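From a predicted model like this one, the values you see are computed outputs, not experimental measurements.
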Amino acid sequence: MSLESKLDKYADLIIKRGVNVQPGQTIILYAAVDEAYFARKIVHAAYQAGAREVVLEWSDQKMTEDFLTYTPAERLENIPAYEVAKANELMDNYASRISLVSQDPDGLSNVDPTRLDTFTKSKQKALGRIREATMKDDISWLVVAAAGQKWAEKVFPDLHGTDAVERLWAEILKDVRVDDKSDALENWTTHIEHLKEKADWLNGQNFKELHYKNDKSDFTIGLATGHIWEAAFSHDKAGNIFIPNMPTEEVFTAPDNRNINGHVAATLPLSYQGNLIENIALDFEDGKIVKATATKGLDVLEKLIATDDGSKSLGEVSLVPDPSPIAQGGVLFYNTLFDENASDHLAIGAAYASNITGGKTDKPEDLAQHGWNVSDVHVDFMIGSSDMTIDGVTHDGKTVPVFRSGDWA
């Protein structure tokens, strides 16, 4: 099967299983201008599935770099009212979101971190309706990837141009279970059921906390009262099933942001806001980050942690076995969508509403009483390894093996 035919299957998977487009629905597609070829396939598949409209939100990393570097500081602090009105109207109509990631992992590394942080915070606050609707699963949403050239050459430094792009496409398609022999939709049905079995077991255990230990980390992370483990799929407000991330190999829930203690060290780099942050290490006391270090990108990490009170704690704990297909593929993607599905990970910042009982209906201040974290950010970083041991601790103090040697016990 040709690459073009596989991309047609991939676009169909994104629309039919990813965001699960319903007749009459509006879709927002975020994509780089370099990926117009694949974006067209997604748009075509959306209209074939009955979409009412596909709203294109184009981006260009070089133009973004120039904007962040040269626009007046006042503009960085003020998001135009028309952008806010557009976002609010789209969320009023429960528009689904597709984010097509493809750009250079450290393509904004030359931007002043303070200016980048100012703009990021301003946009997060102004467009808060989108973040809230996404975190609460009011809408269906999906993060997927396309093989941008700069990204491909970063992942495969010995290849260039078309060779690098085609190599990255091969890895992306393999990891989203699109091939020339099987039905991708059926592949995902089987995969979702496997991950759901793990989530169901964890929900049955109802652990009070988890204790992690490997060569780099030793910490305990409590789980929020009424926490819910999820895997692969979610339901939007209308009850439609969607898959937020493709690929996905994780089961995840909400930690107790009052009960996190010990030393956590990342095992993979983090690409955040066009910057690479390497060798992250965090110390926690009573749920708060009290020390943060990194060998590269420390200034960006420190600004992330200082976003608000919730960014000083965690909003997600996620389990991914080291033998997962992405981990065993041996490719470092420098992209959280893939690297987080090769490794256990945690998220600095907000918890998902679906990860706690009452999360979609109760007030945030009430949920906070159960350890649920509130923040304007949600940033995953990877901590898994082949020597990771995880024990679950029950409310009566019993210890239950969860992971041994990086895999399910």
Side-chain angles (χ1 to χ4, degrees), residues 59-79 101 103-128 131 150-151 154-155 157 216-217 219 257 260 262-285 287-316 332-340 343 345-350 373-383:
S59 64
D60 179 274
Q61 199 168 50
K62 180 58 181 172
M63 291 182 183
T64 299
E65 180 184 27
D66 285 343
F67 166 74
L68 293 169
T69 301
Y70 298 114
T71 196
E74 178 274 334
R75 173 61 180 86
L76 296 174
E77 297 171 357
N78 294 280
I79 305 303
V101 298
Q103 300 194 47
D104 186 350
D106 52 359
L108 298 179
S109 59
N110 292 325
V111 174
D112 180 347
T114 299
R115 287 175 64 85
L116 178 58
D117 182 63
T118 297
F119 180 67
T120 300
K121 288 180 178 178
S122 299
K123 199 156 190 175
Q124 286 168 341
K125 291 184 182 301
L127 307 184
R131 183 185 64 81
K150 291 289 187 182
W151 178 27
K154 177 78 174 179
V155 176
K216 294 185 175 183
S217 300
F219 67 99
N257 66 0
I260 309 169
H263 181 75
V264 180
T267 50
L268 292 173
L270 167 64
S271 177
Y272 175 64
Q273 294 183 338
N275 290 265
L276 279 179
I277 309 174
E278 298 181 353
N279 297 308
I280 295 170
L282 305 174
D283 289 336
F284 286 86
E285 291 181 6
K288 298 293 186 182
I289 298 170
V290 295
K291 181 181 179 182
T293 61
T295 58
K296 179 180 179 180
L298 178 59
D299 50 352
V300 177
L301 176 64
E302 289 177 335
K303 285 180 170 56
L304 166 63
I305 294 170
T307 300
D308 50 35
D309 189 57
S311 60
K312 299 174 180 62
S313 191
L314 301 177
E316 180 186 337
L332 177 59
F333 286 90
Y334 301 98
N335 182 289
T336 302
L337 175 62
F338 288 84
D339 292 336
E340 74 169 8
S343 171
H345 54 275
L346 305 171
I348 293 171
N373 203 40
V374 179
S375 176
D376 285 337
V377 297
H378 178 98
V379 180
D380 297 289
F381 65 100
M382 287 60 73
I383 63 168

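The salt bridge (Lys or Arg N to Asp or Glu O under 4.0 Å) pairs that include a residue from residues 61-73 are Lys62-Glu65, Lys62-Asp66, where partners are two or more places apart or lie in different chains. Note on residues 103-119: pairs passing salt bridge (Lys or Arg N to Asp or Glu O under 4.0 Å), not counting sequence neighbours, are Asp106-Lys154, Asp117-Lys121. A salt bridge (Lys or Arg N to Asp or Glu O under 4.0 Å) check over residues 303-315, counting only residues at least two apart or in different chains, returns the pairs Lys288-Asp309.
Between the side chain of Ser122 and the backbone N or O of Leu76, at least one donor-acceptor pair lies under 3.5 Å. With Thr120 contributing its side chain and Leu116 its backbone, the two residues share a donor-acceptor pair below 3.5 Å. Without hydrogens or angle criteria, Gln103 side chain to Gln61 main chain gives a donor-acceptor distance under 3.5 Å. No donor-acceptor pair under 3.5 Å is formed between the side chain of Asn257 and the backbone N or O of Gly287. Side chain of Asn275 to main chain of Gln273: a donor-acceptor pair is present (N/O by atom type, distance under 3.5 Å, no hydrogens or angles). Ser343 places no side-chain N or O within 3.5 Å of a backbone atom of His345 that could act as its donor or acceptor partner. A donor-acceptor pair is defined here as one N or O able to donate and one able to accept, closer than 3.5 Å; such a pair exists between the side chain of Trp151 and the backbone of Phe333.
Partner Asp376 forms a side chain to side chain donor-acceptor pair (under 3.5 Å) with one of Lys123, Gln124, Arg131 and no other, that one being Arg131.
From Ile277, atom CD1 reaches atom OG of Ser109 across 12.0 Å, with rounding to the nearest 0.5 Å. If you take CZ on Phe381 and CG on Leu301, they are separated by 8.5 Å, rounding to the nearest 0.5 Å. Annotation: the span from Leu268 atom CG to Leu332 atom CG amounts to 6.0 Å, rounded to 0.5 Å. For the atom pair Ile280 CD1 and Thr267 OG1, the distance stands at 10.0 Å (nearest 0.5 Å). Here Ile289 contributes atom CD1 and Ile305 contributes atom CD1; the two are 4.0 Å apart, rounded to the nearest 0.5 Å. In this structure, the separation between CG on Asn279 and CG on Leu298 is 11.5 Å, given to the nearest 0.5 Å.
The heavy-atom pair separating Pro113 from Asp299 by the smallest distance is CG-OD2, 3.2 Å. Nearest heavy-atom pair across His378 and Glu316 is NE2-OE1, 2.9 Å. When all heavy atoms of Ser217 and Ala265 are compared, the closest pair comes out as OG-N, 2.8 Å. Closest approach of Ser311 to Ala306, counting heavy atoms only: OG-C, 3.9 Å. Closest of all the heavy-atom pairs between Asp380 and Leu270 is O-CD1, 3.1 Å. Nearest heavy-atom pair, Pro105 versus Ser271, reported as atom, atom and distance to 0.1 Å: O-OG, 2.6 Å.
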Between Leu282 and Phe219, is the side chain to side chain contact (heavy atoms under 4.5 Å, CB included) condition met? List the steps. CA-CA 10 Å; Leu282 305 174; Phe219 67 99; over 6 Å; no
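Within a 6.0 Å sphere centred on CD of Glu285, heavy atoms belonging to other residues, nucleotides or ligands number 12 at most.
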